Amino acid sequence: MENKGILIYVEREGGRVHPICYELLGKGRDLADKTDSKVSCAVLGSGITETAQELVAYGADTVYVYDDESLATFDSLAHKQNLVSLISEVQPAIVMFGSTLTGKALAPRVATAVEAGLTSNCTALELQEDGSLLQVRPAFTGNFLAHVKTSSDITMVTVRYRALEAGQKDEGRKGEIVKKGVEKVDSGVKVLGKGEAKPASIAGADIVVCAGRGLRNADDFELVQQLADALGGVVGATRPLVDDGWISKDHQVGFSGTIVKPKLYVGVGVSGSPQHLAGIRDSGTIVAINSDPSVALFRIADYAVVGDLYQVIPQMIELLKKK
Amino acid sequence: MHIIVLAKQVPDIEKVKFLRETNRVDRKSADSEINPFDLNALEAAQQMKEQLGATVTVISMGPQSAEAVLREGIARDADRGILLYDDSFAGADTLATSYTLAAAIRKVGDFDLILCGETTVDGDTGQVGPGLAERLGVSLLPFVSELTKVSTDKVTAVTETSAGSLSVEASFPLLITGTKELNTPRLPTLKEKLRARKAEVEKWTAADLGDVDPVKLGIAGSATWVESIALPPEKKRKGEVLQGEDAASQLVAALDKAGLLKG
Ligand SMILES: Cc1cc2nc3c(=O)[nH]c(=O)nc-3n(C[C@H](O)[C@H](O)[C@H](O)COP(=O)(O)OP(=O)(O)OC[C@H]3O[C@@H](n4cnc5c(N)ncnc54)[C@H](O)[C@@H]3O)c2cc1C
């Protein structure tokens, strides 16, 4: 395969580069070094030019900057249009996106426009001896891993946050920053207002305390929050609690919610359904607190605490406060 | 006003078994159902029809059994159900699927709005909706969790983005992918179900789609394939059981020792 390099779409979230981009850069740099090719980034937005240097420090050889008022809020049509032009100009072999809501809206449009195969939600990318890219993605609620290959000239992927290692930052690294003219597209979509900002993402948290149906009522999230605070973590929940409106969807841990990979996961009153386990399997240390010793979560736990969460949690909070 | 809803038949994902020899699901191992997110799309279309008097067409690509999905749509007040069924459609990845659906939609004619679910529970790619918007050259509102206001030429909606939700206004023609939060799908009444059972479901083959390029259909038109399936590596876990009076203090001590407590 003639390798024409790797292009990374740089997503911005609330005024900063989404951390997934540094992970994509880590992988992109590695693949480029192995194939003797280059990594470039495309960053689109308004007032973003200063982020380019940062991307170079994380491993980009070239950063294409599309800085224009019209790109201030994400619009799939406008971003697609500019990316497709760039792709036909630089002819990359691989195009990578984060598997975020933005990436998932954009990548299929771009892939379809250039008739490229796209594999979404990848958790690993491996260069094969023949130069092709093996893409690993969870299938069937994460019970299996599918190994996917692409036959089109361009291989496109979206990659799950926290699946790959971020690249090393090196301020001394040199790269080229190219300012591009922006193609303006009127998609007929007008932003009227912004909703509440998202709470601290559970996807990026080092410690997640996740409540399940063992919780008796919505007010008892207070207790779970206290434990999370004492541990320095964030609160998550199983789907039934989200469905009942006890807590927002942003907190849902699991296959149809957020996949988490914290250093420490603590499940309280969580049974460990396959859909839930698919979202926590790669956590560092797993703690389960449950009154029923036979639950599935205990089978993948490092520490299985058999007990009533209403007794164990207050005791833990007391002990942690003394630390 | 013409609304098109896309729906897919999926296996009951909680029960389905997988055939490792063929890298495919064993369709016989579980019942089939309509992709749950597509029910939200159908409900949204039904509500719009009630408010504004729209015509609703449901389209599905799939095996013959997927006719059931179109009857689900008709029971939910869709005027027309079209099954895209042809051996040449089989084995399609999302690129080939969006190609086939786009051809069918062009054949159906003008539309104002296309509604689909944010993803399917079996493939879990979420790629077909946005890909189809691209093929048809229309705007996309992805991950819509609320349709605030609908009129005959535009919608006001809440769309979920990585940075939070946005309230947006978008004019037709438009493709919307809906989340589970979009609405609570109603169950059809017995009468509606009976009517749907008797209704005609149109069956279209590749020949009915008119001017399509056969190499863009099904497996031939797919740019990705599953080479193999593996079991995820299981992490080795300590499996220490803590119980009794001092379980909490044993746990805290263990976490402390593992360096997992802050400060
Ligand atoms: C398509 C699909 C997608 C899904 N996606 C997700 C997902 O993303 N995330 C998710 O979480 N679920 C998901 N689910 C739902 C999933 O199947 C389970 O229903 C859910 O995970 C169960 O949540 P739970 O463990 O809180 O509840 P339960 O299974 O009811 O478990 C409650 C546990 O609490 C324990 N308990 C009760 N009282 C106490 C007490 N006082 N002290 C200690 N323990 C106590 C019980 O022993 C029990 O084990 C999905 C389902 C489907 C069909």
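Throughout, a chain's letter reflects where its sequence line sits, starting with A, and its residues are numbered from 1. All values below come from the heavy atoms of this structure, side chains included, with hydrogens, waters and symmetry mates left out. Remember, predicted model here, so these are calculated numbers, not experimental data.
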So which of Leu255(B), Asp124(B), Thr156(B), Thr161(B) has the largest heavy-atom pair count under 4.5 angstrom toward chain A?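 Looking at each option in turn, the highest pair count goes to Asp124(B).
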Below 4.5 Å, heavy-atom pairs only: which of Ala230(A), Gly188(A), Gly117(A) has the largest tally toward chain B?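 Ranked by heavy-atom pairs under 4.5 Å with chain B, first place is Gly188(A).
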Residue among Ser152(A), Gly195(A), Ser151(A) with most heavy-atom pairs under 4.5 Å to chain B: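 Looking at each option in turn, the highest pair count goes to Ser151(A).
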Less than 3.5 Å apart, which donor and acceptor atoms pair up between the side chains of residues 238-254 of chain B and the rest of the protein, not counting sequence neighbours?
unit_1	atom_1	unit_2	atom_2	d
Asp246(B)	OD1	Gln250(B)	NE2	3.0
Ser249(B)	OG	Asp246(B)	O	3.0

If every non-hydrogen atom of [X] is compared with every non-hydrogen atom of [Y], which pair is closest and at what distance?
X: Ser162(B); Y: Glu11(A); answer: OG-OE2, 2.7 Å
X: Pro108(A); Y: Gly126(B); answer: CG-O, 4.4 Å
X: Val189(A); Y: Val168(B); answer: CG1-CB, 4.0 Å
X: Ala111(A); Y: Leu95(B); answer: O-CD1, 4.1 Å
X: Ala105(A); Y: Pro142(B); answer: CB-CG, 3.6 Å
X: Leu260(B); Y: Ile207(A); answer: O-CD1, 3.8 Å

Is the closest basic N to carboxylate O distance between Asp256(B) and Lys323(A) below 4.0 Å?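 Judged by the 4.0 Å cut-off on N to carboxylate O distance, Asp256(B) and Lys323(A) do form a salt bridge.
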Which residues share a salt bridge (Lys or Arg N to Asp or Glu O under 4.0 Å) with Arg281(A), sequence neighbours left out: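 Only Glu234(B) meet the salt bridge (Lys or Arg N to Asp or Glu O under 4.0 Å) criterion with Arg281(A).
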For Ser187(A), is there any backbone N or O sitting under 3.5 Å from a side-chain donor or acceptor partner on Ser139(B)?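 The answer is yes, because a donor-acceptor pair under 3.5 Å joins these two groups.
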So, does Lys235(B) use its side chain to make a donor-acceptor pair with the main chain of Asp282(A) at under 3.5 Å?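 Between the backbone of Asp282(A) and the side chain of Lys235(B) there is a qualifying donor-acceptor contact (under 3.5 Å).
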Members of residues 176-185 of chain B whose heavy atoms come closer than 4.5 Å to chain A: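 Residues Lys180(B), Glu181(B) are the ones that qualify, each having a heavy atom under 4.5 Å from chain A.
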Give every residue pair that meets the side-chain hydrogen bond (donor to acceptor under 3.5 Å, both in side chains) criterion with at least one member in residues 105-118 of chain A, sequence neighbours excluded.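 Sorted pair list: Arg109(A)-Glu134(B), Glu115(A)-Arg135(B), Glu115(A)-Lys216(B).
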Phe298(A), part contacting chain B, at a heavy-atom distance under 4.5 Å: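 Looking at Phe298(A), nothing touches chain B.
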Please classify the contact between Gln275(A) and chain B as side chain, backbone, both or neither, with a heavy-atom cut-off of under 4.5 Å.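 Looking at Gln275(A), just its side chain touches chain B.
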Between the side chains of Thr150(A) and Thr224(B), is a donor N or O closer than 3.5 angstrom to an acceptor N or O?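 There is no such pair (donor and acceptor under 3.5 Å, judged by atom type) between the side chains of Thr150(A) and Thr224(B).
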